[in-house]
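In what follows, chains carry the letters A, B, and so on, assigned in the order in which the sequence lines appear, proteins first and then strands, with residues in each chain numbered from 1.
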Number of protein chains: 2
Amino acid sequence: MNKYEQIARDIYNDIASGKYEPGSQLALEKEMCAQYGVSRITVKRAVDELVKQGLVVKRRGSGTFVKGVQEEDVENVGMCGQFGGFSNTHQGHQVSTDVKKFEIVHPSPEVAEKLKISTEDFVYDIIRIRYLDGRPENVEYTQMPIEVIPGIKQEVLMNSIYNHIENTLKLQIQSAHRTVSADMPTEEEKEFLRIEGVLPVLQVAQVAFLSDGRPFEYSKSRHRADTSVFRAVSIH
Amino acid sequence: MNKYEQIARDIYNDIASGKYEPGSQLALEKEMCAQYGVSRITVKRAVDELVKQGLVVKRRGSGTFVKGVQEEDVENVGMCGQFGGFSNTHQGHQVSTDVKKFEIVHPSPEVAEKLKISTEDFVYDIIRIRYLDGRPENVEYTQMPIEVIPGIKQEVLMNSIYNHIENTLKLQIQSAHRTVSADMPTEEEKEFLRIEGVLPVLQVAQVAFLSDGRPFEYSKSRHRADTSVFRAVSIH
DNA sequence: GAGTGGTCTAGACCACCCC
DNA sequence: GGGTGGTCTAGACCACTCG
């Protein structure tokens with residue numbers, strides 16, 4: 001564990017545990033240097049992690065202050081960013097999966113372009129429904145190059161593809177480019193998600209990248225609008 | 001202008017102008033040190049800006065590589081992040097505004113909590129419709145504490161509140177916490193946005209903060225789903 | 001003027017990749 | 001083994017806030 005990560009985690013815990021009230025001032029960077037026995041630039045980096053998460057604000061000439069945001073935000077953005085697949089973001093709930101389609105096909109030109117592969121290559125073509133505590137929450141359309149992510153089996157799909165990638169294949173996920181939009185469900189999706197009446201879906205389309213820069217996934221997840229939101233923090 | 005900002009901008013331009021092909025390797029950090037006459041940590045910081053924007057990937061032991069994402073992404077996330085109000089994010093289009101409501105009221109308990117003020121305080125209560133090239137694109141419900149953002153006039157609302165804050169009041173915007181969701185428009189909104197038939201709206205609710213940590217705005221903008229998306233890049 | 005965080009340096013050592 | 005980026009140091013100076 002790096003020093004700055006450990007320090008960031010420490011401060012985070014102090015805030016989450018209520019040791020720092022919302023609006024109150026954090027210990028000075030100089031003080032933290034002494035407390036942790038590190039240089040100031042390392043403390044700065046640790047605190048900058050919290051700034052990135054939106055938990056604190058730095059004011060040059062004054063100090064660093066706790067922002068005091070809603071608890072939901074802290075939980076959702078938290079130490080981990082809005083990352084991981086579906087399973088990881090809903091800890092504490094019972095997650096189950098229904099695999100509706102699992103084939104290997106050629107990608108469309110659009111998908112091939114996004115995944116930086118040829119239409120001659122092969123991709124997994126997966127449709128899954130995700131349930132939270134037994135209620136359908138979203139339907140996920142996933143395409144992944146078999147070259148990049150080999151060994152996907154039915155069993156992997158029932159759990160987390162992300163776990164398979166990081167734990168079994170030992171690959172690192174680096175980033176995701178997401179586009180969020182609103183749409184109406186198709187008739188099939190209304191069945192999948194047990195939607196009656198008029199309810200839109202929140203669509204999250206993403207291209208995800210490994211740490212070596214290769215795109216490894218193009219997916220669209222379409223969520224019931226009454227049970228899902230997408231959160232983001234942006235810093236100027 | 002700071003050195004690392006200038007260097008980041010330089011590299012960004014090299015990528016945007018196509019001097020670096022997608023997938024190609026950037027100049028080494030050591031080379032950039034020589035080129036710009038700065039220390040390596042400064043070059044690193046510059047390149048990290050581009051990583052944050054999702055334009056490049058660093059591979060320890062190998063180098064830094066251009067990710068090769070869609071042009072839309074680069075434009076939208078770009079050098080500026082997905083920031084600024086509506087006017088700034090649609091340069092090149094003709095933007096106009098229709099003010100439907102402009103009053104001063106007490107905030108609801110929920111809004112007061114988010115803005116860290118009392119329900120006894122006053123907030124502007126604003127409803128505006130935004131048009132892109134003459135077509136209604138979204139309706140925006142804004143509440144701002146009059147104490148924090150004084151001097152809002154009809155004329156300001158016709159242009160950009162953000163410009164007023166940064167240029168007239170000389171305040172710095174620091175961050176925004178956003179929650180994106182999908183919903184159906186109300187009957188009134190269908191009129192405002194000239195929606196016929198069944199079309200959902202993409203809602204972006206946000207609390208925005210000044211650089212001194214004070215929340216200064218709670219707003220909900222509800223966009224026609226057929227003309228709007230929300231983009232985000234997340235880095236592990 | 002005293003004190004805060006912001007930027008930057010020159011140099012060290014480490015973890016990792018590839019040959 | 002040679003070269004990459006990652007982390008960290010000790011110290012300097014600057015920009016800003018506040019009393």
Side-chain angles (χ1 to χ4, degrees), chain A residues 1-11 20 23-52 55-67 166 169-175 209-214 235-236, chain B residues 1-11 20 23-52 55-67 166 170-172 174-175 209-214 235-236:
Chain A
M1 176 77 73
N2 296 324
K3 290 188 186 178
Y4 79 92
E5 285 176 352
Q6 189 53 58
I7 296 170
R9 195 163 292 252
D10 261 30
I11 304 170
Y20 290 114
S24 68
Q25 183 167 9
L26 249 60
L28 302 180
E29 295 193 349
K30 208 168 51 176
E31 291 169 4
M32 293 192 197
C33 292
Q35 179 185 345
Y36 293 104
V38 300
S39 72
R40 190 159 79 86
I41 216 169
T42 302
V43 167
K44 178 174 161 16
R45 182 157 180 197
V47 178
D48 281 347
E49 289 291 310
L50 303 180
V51 172
K52 204 163 66 184
L55 265 91
V56 302
V57 184
K58 287 175 153 191
R59 290 159 60 183
R60 169 147 51 171
S62 303
T64 303
F65 299 83
V66 179
K67 237 172 175 179
E166 299 214 300
L169 299 178
K170 305 288 182 202
L171 296 172
Q172 285 271 312
I173 298 168
Q174 195 259 351
S175 61
F209 294 81
L210 296 173
S211 58
D212 62 8
R214 282 181 298 172
I235 308 287
H236 208 73
Chain B
M1 175 75 73
N2 295 324
K3 291 188 186 178
Y4 78 92
E5 285 177 351
Q6 188 54 57
I7 296 171
R9 195 164 292 254
D10 261 32
I11 304 170
Y20 289 116
S24 69
Q25 183 167 9
L26 249 59
L28 303 181
E29 296 193 349
K30 208 168 52 175
E31 292 170 3
M32 292 193 197
C33 292
Q35 179 184 345
Y36 293 102
V38 300
S39 73
R40 191 160 79 86
I41 216 170
T42 302
V43 167
K44 177 175 161 18
R45 182 156 179 197
V47 179
D48 281 347
E49 289 292 309
L50 304 178
V51 172
K52 203 163 68 182
L55 265 95
V56 303
V57 183
K58 288 173 151 191
R59 290 161 58 184
R60 173 152 42 176
S62 303
T64 302
F65 299 83
V66 180
K67 236 172 177 179
E166 299 214 301
K170 305 289 183 201
L171 296 172
Q172 286 271 312
Q174 196 259 351
S175 62
F209 294 81
L210 297 173
S211 58
D212 62 9
R214 283 180 297 171
I235 309 288
H236 208 71

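- If you take CD of B:Gln172 and C1' of C:dG5, they are 15 Å apart, rounded to a whole angstrom.
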Annotated protein contacts, base or backbone, on nucleotides 10-19 of chain D with a non-hydrogen cut-off under 4.0 Å, one of B, S, - each: --B--BBBS-
CA sep, side-chain torsions, deciding dist, call: A:Ile235, B:Gln174, side chain to side chain contact (heavy atoms under 4.5 Å, CB included): CA-CA 6 Å; A:Ile235 308 287; B:Gln174 196 259 351; 4.3 Å; yes
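- Listed pair B:Lys3 / C:dT9 meets the phosphate criterion, a side-chain N or O lying under 4.0 Å from OP1 or OP2.
- Between the P atom of C:dG6 and the CD atom of B:Gln174 lies a distance of 11 Å, rounded to the nearest Å.
- Between B:Lys30 and D:dG3 there is no side-chain polar atom (N or O) within less than 4.0 angstrom of OP1 or OP2.
- Separating the CG atom of A:Asp212 from the P atom of D:dG5 is a distance of 16 Å, rounded to the nearest angstrom.
- The side chain of A:Arg45 lies closest to D:dT7 when the candidates are D:dT7, D:dT9, C:dT7.
- Remark: A:Asp10 CG to A:Glu5 CD distance equals 12.5 Å, nearest 0.5 Å.
- Considering only side-chain N and O atoms, A:Tyr4 lies nowhere under 4.0 angstrom from the phosphate OP1 or OP2 of D:dC8.
- Between B:Glu29 atom CD and C:dC17 atom P the separation is 16 Å, expressed in whole Å.
- For the pair A:Thr64/A:Gln25, no side-chain contact is recorded, criterion being any heavy-atom separation below 4.5 Å from C-beta on.
- For the atom pair A:Arg9 CZ and A:Met1 CE, the distance stands at 5.0 Å (nearest 0.5 Å).
- Note that NZ of A:Lys58 is 10.0 Å distant from CG of A:Leu26, once rounded to the nearest 0.5 Å.
- The shortest distance between the side-chain N/O atoms of B:Lys44 and the OP1/OP2 oxygens of D:dG6 is below 4.0 Å.
- Summarising the geometry, the separation between CD on B:Glu5 and C1' on C:dG6 is reported as 11 Å, rounded to the nearest angstrom.
- When rounded to the nearest whole Å, the span between CG of B:Asp48 and C1' of D:dT7 equals 12 Å.
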Exercise answer: donor-acceptor pairs, residues 39-47 of chain A side-chain atoms, under 3.5 Å, sequence neighbours excluded:
from	atom 1	to	atom 2	distance (Å)
A:Ser39	OG	A:Thr42	OG1	3.3
A:Arg40	NH1	A:Glu29	OE1	3.0
A:Lys44	NZ	A:Asp48	OD2	2.8
A:Arg45	NH2	A:Tyr4	OH	3.1

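- Side-chain contact between B:Glu49 and B:Ile7: absent, with no pair of heavy atoms (C-beta onward) separated by less than 4.5 Å.
- The separation between A:Leu26 atom CG and C:dG3 atom C1' is 17 Å, rounded to whole Å.
- As rounded to whole Å, 19 Å separates atom C1' of D:dT9 from atom OH of A:Tyr36.
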